[in-house]
Number of protein chains: 2
Amino acid sequence: MKIDSVDIAQTSSAASIICEALKKAIVEGRLKDGEPLRQDEIARMFNTSRIPVREALTMLEQQGLVATQRYKGAVVAGISPDEAAEIWDFRALVEGHVIEVAVPRMTAGTLAEAQAHLAAFAAAAGPMEWGDWNRRFHMVLYRASGLTYHLGIIEKTLDRVDRYIRAQLSLSNGLARADAEHRAILDACAAGDAGQAGALTRQHILGAKANLLANLRAD
Amino acid sequence: MKIDSVDIAQTSSAASIICEALKKAIVEGRLKDGEPLRQDEIARMFNTSRIPVREALTMLEQQGLVATQRYKGAVVAGISPDEAAEIWDFRALVEGHVIEVAVPRMTAGTLAEAQAHLAAFAAAAGPMEWGDWNRRFHMVLYRASGLTYHLGIIEKTLDRVDRYIRAQLSLSNGLARADAEHRAILDACAAGDAGQAGALTRQHILGAKANLLANLRAD
DNA sequence: ATACTGAATATCGGATACAATAATCAAGCG
DNA sequence: CGCTTGATTATTGTATCCGATATTCAGTAT
């Protein structure tokens with residue numbers, strides 16, 4: 001076999017492509033809470049029938065990103081202050097644990113990558129990029145844990161709340177504060193102090209929770 | 001309005017009915033790991049077309065209960081020893097935390113209900129019932145926490161592994177040991193000792209993990 | 001006998017068409 | 001004028017049909 005081979009496997013169906021596109025729009029906050037998602041309209045956007053659209057919406061509903069009512073359609077699922085408070089507590093619990101497992105397994109490459117994401121975060125120009133680099137920074141550290149199941153749950157949870165995190169980063173001091181805390185977390189990781197990394201991560205998340213709730217209440 | 005009104009709302013579509021039925025069969029272990037799920041076969045069973053079947057399968061895939069390959073179909077998703085180990089650690093983390101939150105919020109009714117489930121558990125006759133009452137016992141205690149998001153994650157995780165728990169309960173000493181540990185947990189709850197309840201729950205889960213891994217390795 | 005080739009079958013992904021339900025709106029009645 | 005009632009429209013849920021892909025198996029050549 002002397003020719004170069006390309007993996008031609010179509011691993012992605014129309015449904016999953018549509019799902020990913022919608023998910024991205026929701027996570028980035030381009031689709032607002034409660035905004036209805038019409039099957040016909042989406043089908044026309046992607047030049048497909050409604051069948052794959054319906055499967056995409058089914059996936060998103062399972063992920064908690066949209067809420068569907070029979071014969072009434074799907075809307076972007078919002079989040080109540082109570083839910084928000086609980087989800088941030090959950091994040092502190094799980095992400096705090098995962099980073100403690102991760103620290104002793106981090107390589108020089110892990111730390112370098114996290115450092116690079118931190119620099120990109122500081123240099124980024126708008127809420128979209130801030131959110132992206134923020135998330136990448138944390139996930140690189142978590143991924144060193146090798147805890148696949150935990151990581152999947154974390155990703156799902158972040159998908160659910162990423163747009164609120166982006167909004168918080170945009171507020172006054174949000175960016176500077178996050179940056180300082182990120183550096184402290186990374187220092188603890190570099191020092192191999194798992195307990196400290198866990199404690200700082202929990203503080204980071206619970207501090208964000210307090211800010212978020214204060215702002216949600218302001219509305 | 002003087003007549004009795006019945007909620008005639010059809011909250012359940014064909015897809016969700018099929019999904020629940022398949023989920024029950026998988027969770028109870030009646031469908032074995034790797035067993036293929038043919039669309040038209042299932043469609044015939046429920047007297048529907050394949051469309052709602054496909055939506056049910058996408059739901060189950062999102063929940064991690066089936067694995068789908070494009071143009072090849074869906075099979076019941078098994079679990080590797082590594083995944084099992086990680087999932088039990090996750091359970092210890094989350095369920096341990098949730099019960100600590102729950103203890104101070106438990107009412108006399110909560111404890112009575114848990115007690116009743118314990119009795120039913122001891123009186124039950126086979127692996128199916130053991131599994132059901134075991135799960136109900138734990139969930140009643142967790143539910144007192146009021147932590148909706150955490151509870152949802154716990155339910156999803158238990159769906160994923162319930163058949164393995166059932167299998168473990170059927171093994172020698174599995175039942176007696178679980179019963180003794182359940183009583184200890186309930187006692188701690190009744191005494192209002194959240195820390196103790198959390199510690200016992202974690203032991204309960206991590207002990208089960210050790211048993212499970214020993215048995216998985218024996219194969 | 002074995003390995004390759006190609007047709008036949010089984011199964012899945014998607015498009016079109018129809019049925020069921022909800023939302024809108026106009027007409028009639030008090 | 002407000003409320004109800006019925007028809008119209010919009011949207012969703014499901015069935016049927018068609019094209020795409022994978023699998024199986026018979027046939028053939030080496």
Side-chain angles (χ1 to χ4, degrees), chain A residues 1-3 5-23 25-26 31-32 34-77, chain B residues 1-3 5-23 25-26 31-63 65-77:
Chain A
M1 191 66 69
K2 292 199 163 54
I3 61 172
S5 72
V6 186
D7 184 5
I8 215 164
Q10 305 190 11
T11 57
S12 51
S13 62
S16 42
I17 293 172
I18 296 172
C19 175
E20 288 307 312
L22 290 177
K23 172 149 69 176
I26 294 173
L31 289 170
K32 300 303 177 191
E35 185 153 336
L37 303 170
R38 300 282 165 220
Q39 296 176 5
D40 287 344
E41 188 182 349
I42 298 170
R44 275 194 302 274
M45 286 180 184
F46 291 90
N47 284 318
T48 67
S49 77
R50 281 166 39 220
I51 301 292
V53 174
R54 289 175 55 84
E55 293 190 6
L57 291 175
T58 303
M59 296 182 202
L60 293 172
E61 174 166 40
Q62 289 296 315
Q63 298 175 19
L65 292 177
V66 313
T68 300
Q69 272 187 307
R70 188 173 161 81
Y71 291 116
K72 294 180 77 175
V75 299
V76 177
Chain B
M1 191 64 70
K2 291 200 164 53
I3 61 171
S5 70
V6 185
D7 184 4
I8 216 163
Q10 305 191 13
T11 57
S12 51
S13 63
S16 42
I17 292 173
I18 296 172
C19 175
E20 289 306 313
L22 290 177
K23 171 150 70 175
I26 294 173
L31 290 170
K32 300 304 175 189
D33 289 0
E35 185 152 336
L37 302 170
R38 300 285 164 218
Q39 294 177 4
D40 39 12
E41 183 182 353
I42 298 170
R44 275 194 303 274
M45 286 181 185
F46 290 89
N47 284 318
T48 68
S49 76
R50 281 166 38 218
I51 300 291
V53 174
R54 289 178 44 183
E55 294 191 4
L57 290 175
T58 62
M59 294 183 203
L60 293 172
E61 175 166 38
Q62 289 296 314
Q63 298 175 19
L65 291 177
V66 312
T68 300
Q69 271 187 309
R70 190 171 160 81
Y71 291 117
K72 293 181 75 177
V75 299
V76 177

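Proteins get letters first, then strands, A, B, ... in listed order; numbering begins at 1 in each.
Rounded to whole Å, atom C1' of C:dT21 lies 13 Å from atom CD of A:Gln39. Straight-line distance from the OH atom of B:Tyr71 to the C1' atom of D:dT21: 6 Å, rounded to whole Å. Counting to the nearest Å, the P atom of D:dG13 and the CD1 atom of B:Ile18 are 14 Å from each other. When rounded to the nearest whole Å, the span between CG of B:Leu37 and P of C:dA10 equals 20 Å. In this entry the distance linking CD of B:Glu61 with P of C:dC12 reads 13 Å, nearest Å. Atom CG of B:Asp40 and atom P of C:dT9 are 16 Å apart (whole Å). Between B:Arg38 atom CZ and C:dT9 atom P the separation is 18 Å, expressed in whole Å.
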For residues 43-51 of chain A, which side-chain N or O atoms pair as donor and acceptor with protein atoms under 3.5 Å away, sequence neighbours left out?
residue : atom : partner : partner atom : Å
A:Ser49 : OG   : A:Ile51 : N            : 3.2
A:Arg50 : NE   : A:Gln39 : OE1          : 3.1
A:Arg50 : NH2  : A:Gln39 : OE1          : 3.3

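Positionally, the nearest nucleotide of DNA chain D for A:Lys72 lies more toward the 5' end than for the other of B:Lys72 and A:Lys72.
Taking CD1 from A:Ile42 and CG from A:Leu37, the interatomic distance works out to 5.0 Å, rounded to the nearest 0.5 Å. Here the CD atom belonging to A:Glu20 is positioned 8.5 Å from the CG atom belonging to A:Leu60, to the nearest 0.5 angstrom. To the nearest 0.5 Å, atom OG1 of residue A:Thr58 and atom CZ of residue B:Arg54 are 10.5 Å apart. To the nearest 0.5 Å, atom CE of residue A:Met59 and atom CD of residue B:Glu61 are 7.0 Å apart. Once rounded to the nearest 0.5 Å, the distance linking CD of A:Glu55 with OG of A:Ser16 reads 9.5 Å. Atom CD of A:Gln63 sits about 11.0 Å away from atom CG of A:Leu22, to the nearest 0.5 Å.
A pairwise comparison of heavy atoms in B:Cys19 and B:Ala56 identifies N-CB, 3.6 Å as the closest pair.
Near DNA chain D, defined here as any heavy-atom distance below 4.0 Å, the residues from residues 51-59 of chain B are B:Ile51, B:Pro52, listed numerically. The stretch residues 43-50 of chain B touches DNA chain D through B:Asn47, B:Thr48, B:Ser49, each having a heavy atom within less than 4.0 Å of the strand.
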Please walk me through it: do A:Val76 and A:Lys32 pass side chain to side chain contact (heavy atoms under 4.5 Å, CB included)?
-> CA-CA 7 Å; A:Val76 177; A:Lys32 300 303 177 191; over 6 Å; no
